[in-house]
Amino acid sequence: MKNLRYFLLAFALLLTAVAAGAQETKMKANIAFDFTVGDRVYPAGQYLLNSITGDGAAIRIDGNPEVGAALVLSHACESTKPSKQTKLVFQRVGENYFLHQVWVAGNSIGREFRASREEVRLAQNHETELVIVAANITK
């Protein structure tokens, strides 16, 4: 009986880990300012963000035909409480905005983007501020 309990506990933990790793990112947001992800600058406008891989690590950013779609790598980030809203979190450094994190409502695991060299360089001489933009989940 004791072995069965350990097996069930291990199985439940495994299912939780698989479910957390398989979270999809599918959202639409109107962004009122130009922003940077990696080495690409996007003008203000409406954007779609969709995870491409099962683990959500690769996210496609699409919306402005002048810039074209891009595939950006991200890594998981965690919060102690589930996100109350679907949102994009930007780091404002001086007058520049950098996409920092993506959160889906109800999840305590989000996606985080690596800081670019430009963001790191600017952060050495400017204060940083988090700016949140609400997004809508798409299907």
*Before giving the answer on side chain to side chain contact (heavy atoms under 4.5 Å, CB included), spell out for Leu130 and Gln91 the whole-Å C-alpha distance, their side-chain angles and the decisive distance to 0.1 Å.*
CA-CA 5 Å; Leu130 293 180; Gln91 286 267 23; 3.8 Å; yes
*asked:* Is there a continuous path of hydrophobic side-chain contacts, each under 4.5 Å between heavy atoms, that joins Leu88 to Leu48?
replied: no
*Within the distance-only criterion (no hydrogens, no angle test), does the side chain of Thr86 pair as donor or acceptor with the backbone N or O of Ala105 below 3.5 angstrom?*
yes
*Hey, could you give me the CG/CZ distance between Leu73 and Arg111, rounded to the nearest 0.5 Å?*
9.5 Å
*According to a 4.5 Å side-chain heavy-atom criterion applied to Ile, Leu, Val, Met, Phe, Trp and Tyr, with indirect links allowed, do Ile137 and Leu99 form part of one hydrophobic cluster?*
yes
*asked:* Can you tell me if Arg114 has over 12 outside heavy atoms packed within less than 6.0 Å of its CZ?
replied: no
*Only counting residues at least two apart or in another chain, list the ones meeting side chain to side chain donor-acceptor pair (under 3.5 Å) with Gln85.*
none
*For the hydrophobic clusters of this structure (ILVMFWY residues joined by side-chain heavy atoms under 4.5 Å, transitively), does one cluster hold both Val93 and Val120?*
no
*Drop me the distance from Glu78's CD to Ser108's OG, to the nearest 0.5 angstrom.*
6.0 Å
*Determine whether Tyr97 and Ile31 make a side-chain contact, defined as any pair of heavy atoms from C-beta on separated by less than 4.5 Å.*
no
*Roughly how far, to the nearest 0.5 Å, is the OG1 atom of Thr138 from the CG atom of Asn50?*
5.5 Å
*Looking at NZ of Lys87 and CD1 of Ile132, how far apart are the two atoms once the value is rounded to the nearest 0.5 Å?*
4.5 Å
*Tell me, which pairs form a side chain to side chain donor-acceptor pair (under 3.5 Å) where one or both residues lie in residues 122-132, sequence neighbours left out?*
Arg92-Glu129
*Go through the structure and list residues passing ring pair (Phe, Tyr, Trp, His ring centres under 6.0 Å) with Tyr47, not counting sequence neighbours.*
Phe35, Tyr42
*Check whether any side-chain heavy atom of Met27 lies under 4.5 Å from a side-chain heavy atom of Val104, and answer yes or no.*
yes
*asked:* I'd like to know if the side chain of Ser74 and the backbone of Ala57 have a donor-acceptor N/O pair within less than 3.5 Å.
replied: yes
*Are Val89 and Val102 connected in a single hydrophobic cluster, I mean Ile/Leu/Val/Met/Phe/Trp/Tyr linked by side-chain heavy atoms less than 4.5 Å apart?*
no
*Can you sort out the partners of Ala32 under side-chain contact (heavy atoms from CB on, under 4.5 Å), two or more places apart, ordered by chain and number?*
none
*asked:* Tell me whether Val67 shares a hydrophobic cluster with Leu49, the cluster being built from Ile, Leu, Val, Met, Phe, Trp, Tyr side chains joined at under 4.5 Å.
replied: yes
_Heavy-atom closest pair, residues Ala135 and Ala29_ = CB-CB, 3.9 Å
_Audit row: Thr36, Asn96, side chain to side chain contact (heavy atoms under 4.5 Å, CB included) steps and yes/no_ = CA-CA 8 Å; Thr36 302; Asn96 301 287; 5.9 Å; no
_I need the full list of ring pair (Phe, Tyr, Trp, His ring centres under 6.0 Å) pairs touching residues 98-121, with sequence neighbours left out, sorted by first then second residue._
none
*asked:* Donor-acceptor pair, distance only, cut-off 3.5 Å: does the side chain of Asp34 make one with the backbone of Ala44?
replied: yes
_Side-chain donor/acceptor of Ser79 to backbone N/O of Pro82, under 3.5 Å_ = no
*asked:* Quick check for you: to the nearest 0.5 Å, what is the distance between Ser116 atom OG and Arg40 atom CZ?
replied: 14.0 Å
*Would you give the length of the straight line joining atom CD1 of Ile109 to atom OG of Ser83, rounded to the nearest 0.5 angstrom?*
12.5 Å
*Mind running side chain to side chain contact (heavy atoms under 4.5 Å, CB included) on Leu71 and Ile61 for me, showing each step along the way?*
CA-CA 6 Å; Leu71 199 58; Ile61 301 174; over 6 Å; no
*Please name the pair of heavy atoms, one in Ile59 and one in Gly56, separated by the smallest distance, quoted to 0.1 Å.*
CG1-O, 3.7 Å
_side chain to side chain donor-acceptor pair (under 3.5 Å) partners for Asp62, two or more places apart_ = Arg60
